[in-house]
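The structure under discussion appears below in the form of structure tokens.
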Protein chains: 2
Amino acid sequence: MALQTIREAALSAGLPVKTVRYYDEIGLVRSSARSPAGYRLYDATACHKLTFVQRARQFNFSLDECRELLDLYENRQRPSREVKKLALAKVDFLQQRLATLSDLKQELEALAERCSGDDRPDCPILTAMAGDQDADTAQRRPRSKDEL
Amino acid sequence: MALQTIREAALSAGLPVKTVRYYDEIGLVRSSARSPAGYRLYDATACHKLTFVQRARQFNFSLDECRELLDLYENRQRPSREVKKLALAKVDFLQQRLATLSDLKQELEALAERCSGDDRPDCPILTAMAGDQDADTAQRRPRSKDEL
DNA sequence: CTTGACCTTCCCCTTACAGGAAGCTCTATA
DNA sequence: TATAGAGCTTCCTGTAAGGGGAAGGTCAAG
């Protein structure tokens, strides 16, 4: 298979051109060569890596994690243990996030349910946010690092 | 109640000082005054607003949404309808996120389960990301805007 | 009088790109 | 062969919501 332009490579991996250029720039997936005019060129291996990263991204892995996974994938000696570790860590992460979001949704749903949603101004949602009932609970739960 | 320094206000709202300064800077919650030396000073109302925003943030509202909620809260004429609309939109948003993350977690869990996780290098996780089975599915699902 | 805690502004860093400007290159068509 | 249009390049700016830290002013206590 011949070398591909950035557009073709991006298309085959299901990524925007800008993203592919970015991956090259940060050294995550380098273009395999440059044309005399300076155009990025991608061979089959590079295209493959782009696809790999695209999939890993769909599984919610960060670019740094993708880098690790690519390394593991490329290193034919790596033990599957390490990959599994990464995957399970991600599963844990997702589990946490799910629990938090689920709680959040329930609380918000409950508040919304008690709101008349008409022309009257009384609203339990605003009251809940304005009230001082658990001012120090907030202290103890200062917005976890892992956003969302 | 006397005016409070930024630290005291931050503490009472359960927010980092940097955050309170940031809210002032972007005009979300302005400090009510400045000391002769230029120190930010917060009165009870300002502190109240900080707490309000902190709570709204815990409910996953963006700063822009917090601004809207604050407006609604301050405007004694607003109909509760608008607040409810915002809340329900957020609930919808959370619902979407939950569904996506849940799917993701299940897929990843399934993959991890099939990985031996030992010294051998074969790993279905990496295989799944490297495989070409649904190269165009990726095309049709080009990473939704609503991240995570 | 000095130390240490607190405050100020200013600037860069983060994630993972998107949008756009200025300018070069390639191809197809008139 | 000239030119239009698509495609490529680099560079710059912006996003959300602050965090980290430098340089420097301020305040209360010992």
Side-chain angles (χ1 to χ4, degrees), chain A residues 2-42 50 53-70 90 93 97 142-148, chain B residues 2-42 50 53-70 90 93 97 142-148:
Chain A
L3 295 175
Q4 302 196 274
T5 67
I6 194 171
R7 182 161 303 263
E8 293 161 341
L11 224 65
S12 86
L15 289 170
V17 170
K18 272 264 178 179
T19 299
V20 175
R21 203 172 281 133
Y22 178 63
Y23 289 172
D24 183 19
E25 187 186 324
I26 65 171
L28 178 58
V29 180
R30 298 272 192 211
S31 67
S32 39
R34 291 287 185 134
S35 80
Y39 287 20
R40 285 176 184 79
L41 297 173
Y42 291 83
L50 287 174
V53 170
Q54 188 265 351
R55 294 244 174 77
R57 291 288 293 143
Q58 289 198 334
F59 278 105
N60 204 34
F61 287 100
S62 72
L63 292 189
D64 266 358
E65 287 167 333
C66 287
R67 206 184 288 269
E68 259 187 279
L69 287 171
L70 259 185
K90 183 60 65 181
F93 174 88
R97 192 80 343 109
R143 200 63 190 147
S144 64
K145 283 315 167 192
D146 32 38
E147 282 306 306
L148 273 236
Chain B
L3 295 176
Q4 300 196 275
T5 67
I6 193 170
R7 181 161 304 261
E8 292 161 342
L11 223 66
S12 87
L15 290 170
V17 169
K18 271 265 179 180
T19 299
V20 175
R21 203 172 281 132
Y22 179 63
Y23 290 171
D24 183 20
E25 186 185 324
I26 65 172
L28 178 59
V29 179
R30 299 274 192 208
S31 69
S32 39
R34 292 286 185 134
S35 79
Y39 287 19
R40 285 175 184 80
L41 297 174
Y42 291 83
L50 287 174
V53 170
Q54 188 265 352
R55 295 244 173 77
R57 291 287 292 144
Q58 289 198 335
F59 278 106
N60 204 35
F61 288 101
S62 71
L63 291 189
D64 267 358
E65 288 166 332
C66 287
R67 208 184 288 269
E68 258 186 279
L69 287 171
L70 258 185
K90 183 59 65 181
F93 174 86
R97 191 81 350 106
R143 200 65 191 145
S144 63
K145 285 313 168 194
D146 34 37
E147 282 307 305
L148 269 237

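In the text below, chain A, chain B and the rest are named by the order of the sequence lines, each starting its count at 1. Note that the structure is predicted; figures quoted are calculated from it, not measured.
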A/F93 six-ring face occupied by A/R97 cation (under 6.0 Å, within 45°)
yes
NA contact type, B/S62, heavy-atom cut-off 4.0 Å: base, sugar-phosphate, or nothing?
sugar-phosphate
How long is the line joining CD of B/Q54 and P of D/dA17, in whole Å?
15 Å
Hey, which sits more toward the 5' end of DNA chain D by its nearest nucleotide, B/P36 or B/P16?
B/P16
Taking for A/F61 and for B/L41 the nucleotide of DNA chain C with the nearest heavy atom, the one nearer the 5' end belongs to B/L41
In whole angstrom, what separates B/L3's CG from D/dC27's P?
15 Å
From CZ of B/R40 over to C1' of C/dC6, roughly how many Å is that when rounded to an integer?
13 Å
D/dG25 base / B/Y39 side chain donor-acceptor hit below 3.5 Å:
yes
Atom NZ of A/K18 to atom P of D/dT13: distance rounded to whole Å?
13 Å
What's the CG-P distance between A/L15 and C/dA18, to the nearest Å?
9 Å
Base, sugar-phosphate, or nothing: which does B/I26 touch, judged by heavy atoms less than 4.0 Å apart?
nothing
In terms of heavy-atom contacts, B/Q54 and B/L15 come closest through CG-CD2, 3.6 Å
Using whole Å, what does the distance between atom P of nucleotide C/dA5 and atom CD1 of B/I6 come to?
19 Å
Using atom CD of A/E8 as one end and atom P of D/dG7 as the other, report the distance to the nearest whole Å.
11 Å
At under 4.0 Å between heavy atoms, what does B/T5 touch on the DNA or RNA strands: base, sugar-phosphate, or nothing?
sugar-phosphate
Check the distance between D/dG19's P and B/R21's CZ and give it to me in whole angstrom.
11 Å
